[in-house]
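Encoded as structure tokens, the structure appears first; notes follow it.
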Amino acid sequence: MGGGDDNKGAFRLAVLECDTPVPAVEQARGSYGEVFRQLLTKGLAGVHDNKFKGAEFALSKWDVVRSREYPKAEDVDGILLTGSKHTAFADDAWIVALVAYVKSFLETSSKPVVGICFGHQIIGRALGAAVGKSPGGWELSVDKIEATDEGRKILGVSSLSLHQMHRDAVLEVPQGLVNLGRSPSCAIQGLYKPGHVISFQAHPEFDGFIMDEILKTRRDQGIFTDDMFADGTSRAQRQHDGVLMATKIWEFLLATRA
């Protein structure tokens, strides 16, 4: 069920929570909607364009896995899809429903959509792109992404260091969108269409604590080998550009209301 602030004039952002954090993270930081609230608050402080001065946001959270309730387009100014341990190309009922919702939202409203990791892949699927296992396999922890030519123009940087936690990927760029970046393991690191879509395969909302807890959980579950765990842990505390990405997300979102 959605719920949140109701500040007049604030940007109404609906976060579609596509998973629950691992227990230690949920206990310390709350749901993924709360994790994004913390990141986006920092990101908004980095927006220096005078026309967005004093911008505020009102965040609502929607558990799309268990409740399958979605915000109405007229009640929000934009939506953000979180990451997830689930598989974006699976045909679980809630995933199929989420893809259909995103497809309809993009086709029938002029409001922006943000996707992170699983959310990035759901957007790709909703727009007809192939989504599947990444040929490069797992990407874990803080790693470097090289911006494409289009990515440099939009993001203002030539490369980014961001947390990764995926082995699935968008395998082709949907028609009408551009690819923002690439890494040795994953050719499509972000999607963009002005005023409509911005998405990232990486996790700007993760930090060293969140990454360490996910790595430990997945090692204990037998998903990661000891070598993978050691590799990921060795890079988990590195500096990353998550807040910069949150600022870029806000610049994208706020421009739709300018």
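Position 1 is the first residue of the sequence, and the numbers go up from there. These values consider heavy atoms only, across backbone and side chains, with no hydrogens, waters or symmetry-generated copies.
- L171 and I95 sit in two unconnected hydrophobic clusters of ILVMFWY residues. Membership requires side-chain heavy atoms under 4.5 Å apart, directly or through other members.
- Residues E251 and D49 fail the side-chain proximity criterion, which asks for heavy atoms closer than 4.5 Å.
- Looking at T87, its side chain never comes within 3.5 Å of a backbone N or O of F89 through a donor-acceptor pair.
- At a threshold of 4.5 Å between non-hydrogen side-chain atoms, the residues V197 and P112 do not count as touching.
- For S134 (side chain) and A169 (main-chain N/O), no donor-acceptor pair under 3.5 Å exists by modelled atom type.
- The backbone N or O of L253 lies less than 3.5 Å from a partner atom in the side chain of T256, making a donor-acceptor pair.
- Tracing side-chain contacts under 4.5 Å through hydrophobic residues (I, L, V, M, F, W, Y), one never reaches I145 starting from V142; they form parts of separate clusters.
- Taking both residues in full, the closest heavy atoms of P71 and A14 are given as CG-CB, 3.6 Å, listed atom of the first, atom of the second, then distance.
- Hydrophobic side-chain contacts under 4.5 Å tie V25 into a cluster, directly or through other members, with V22, Y32, V35, W138, L140, M165, F206, F209, I210, M211, I214, L215, I223, F224, M228, F229.
- Taking the six-membered ring where tryptophan is involved, the planes of F11 and W250 are perpendicular, since the angle between them exceeds 60° and thus also 30°.
- Neither side chain, D207 nor Q237, offers a donor N or O lying under 3.5 Å from an acceptor on the other.
- Under the side chain to side chain contact (heavy atoms under 4.5 Å, CB included) criterion, K103 pairs with E107, A126, not counting sequence neighbours.
- Of all the heavy atoms in A147 and G151, the pair that sits closest is CB-C, 4.1 Å.
- With sequence neighbours left out, the side chain to side chain donor-acceptor pair (under 3.5 Å) criterion links E17 to S31.
- Around atom CG of D75, more than 12 heavy atoms belonging to other residues, nucleotides or ligands sit under 6.0 Å away.
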Start with the C-alpha gap between K144 and L160, add the side-chain angles, then the distance that decides, and say whether side chain to side chain contact (heavy atoms under 4.5 Å, CB included) holds.
CA-CA 6 Å; K144 189 175 181 181; L160 295 159; over 6 Å; no

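- Here N179 pairs with T148, V173, R182, I188 under the side chain to side chain contact (heavy atoms under 4.5 Å, CB included) rule; sequence neighbours left out.
- Tracing side-chain contacts under 4.5 Å through hydrophobic residues (I, L, V, M, F, W, Y), one reaches L162 starting from I249; they form part of the same cluster.
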Worked check of side chain to side chain contact (heavy atoms under 4.5 Å, CB included) between L106 and V102:
CA-CA 6 Å; L106 286 167; V102 173; 3.9 Å; yes

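- Between L127 and Q175 the shortest side-chain heavy-atom distance does not fall below 4.5 Å.
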Verdict with supporting geometry, R257 and D77, salt bridge (charged side-chain N to carboxylate O under 4.0 Å, His left out)
CA-CA 8 Å; R257 294 211 311 182; D77 297 309; 3.1 Å; yes

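- The closest side-chain donor-acceptor pair between E146 and S183, if any, does not fall under 3.5 angstrom.
- Of the possible polar contacts, one joining the T82 side chain to the C18 backbone as a donor-acceptor pair under 3.5 Å is found.
- In the model, E213 has no side-chain atom that pairs as donor or acceptor with a side-chain atom of Q27 under 3.5 Å.
- Side-chain contact between F200 and Q189 is absent, with no heavy-atom pair separated by less than 4.5 Å.
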Worked verdict on K133 versus R167 for side chain to side chain contact (heavy atoms under 4.5 Å, CB included)
CA-CA 6 Å; K133 295 289 182 202; R167 69 172 168 182; 3.5 Å; yes

One pair to check against side chain to side chain contact (heavy atoms under 4.5 Å, CB included): R235 and H163. What are the steps and the verdict?
CA-CA 9 Å; R235 291 178 283 110; H163 280 284; over 6 Å; no

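- Side chain of T108 to backbone of S104: a donor-acceptor contact under 3.5 angstrom is found.
- Partners of A73 by side chain to side chain contact (heavy atoms under 4.5 Å, CB included), not counting sequence neighbours, listed by chain and number: F105, S109.
- Here the side chain of S234 pairs a donor or acceptor atom with the backbone of D231 at under 3.5 angstrom.
- Of all non-hydrogen atoms in R29 and Q38, the two that sit nearest each other are O-NE2, 3.4 Å.
- Of the inter-residue distances, the one linking R152 atom CZ with S159 atom OG reads 9.0 Å to the nearest 0.5 angstrom.
- With contacts defined as side-chain heavy-atom distances shorter than 4.5 Å, the pair V76/L13 does not qualify.
- Considering only heavy atoms from C-beta on, P174 comes within 4.5 Å of L191 through its side chain.
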Residues 115-124, side-chain donor-acceptor partners within the protein, below 3.5 Å, at least two apart:
residue : atom : partner : partner atom : Å
H120    : ND1  : S199    : OG           : 2.8
Q121    : NE2  : D168    : O            : 3.1
Q121    : NE2  : Q201    : OE1          : 3.2

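- In plain terms, the two heavy atoms of D19 and V65 that are nearest each other are N-CG2, 4.0 Å.
- For the residue pair S110 and H196, the shortest heavy atom distance occurs at CA-CE1, 4.3 Å.
- R125 places no side-chain N or O within donor-acceptor distance of the main-chain N or O of V131, the cut-off being under 3.5 Å.
- In this structure, NZ on K51 lies 14.0 Å from NE2 on H48, to the nearest 0.5 angstrom.
- Here the closest heavy-atom approach between residue A202 and residue Q164 is recorded as CA-OE1, 3.5 Å.
- Side-chain N or O atoms of K248 include one that pairs as donor or acceptor with a backbone N or O of L155 at under 3.5 Å.
- Considering NE2 of H203 and OG of S141, their distance stands at 11.5 Å, rounded to 0.5 Å.
- Placement of V157 and Y192 within a single hydrophobic cluster is found when ILVMFWY residues are connected by side-chain heavy-atom separations under 4.5 Å, directly or transitively.
- When side chains are defined from C-beta on, H86 counts as touching W94, because their heavy atoms get closer than 4.5 Å.
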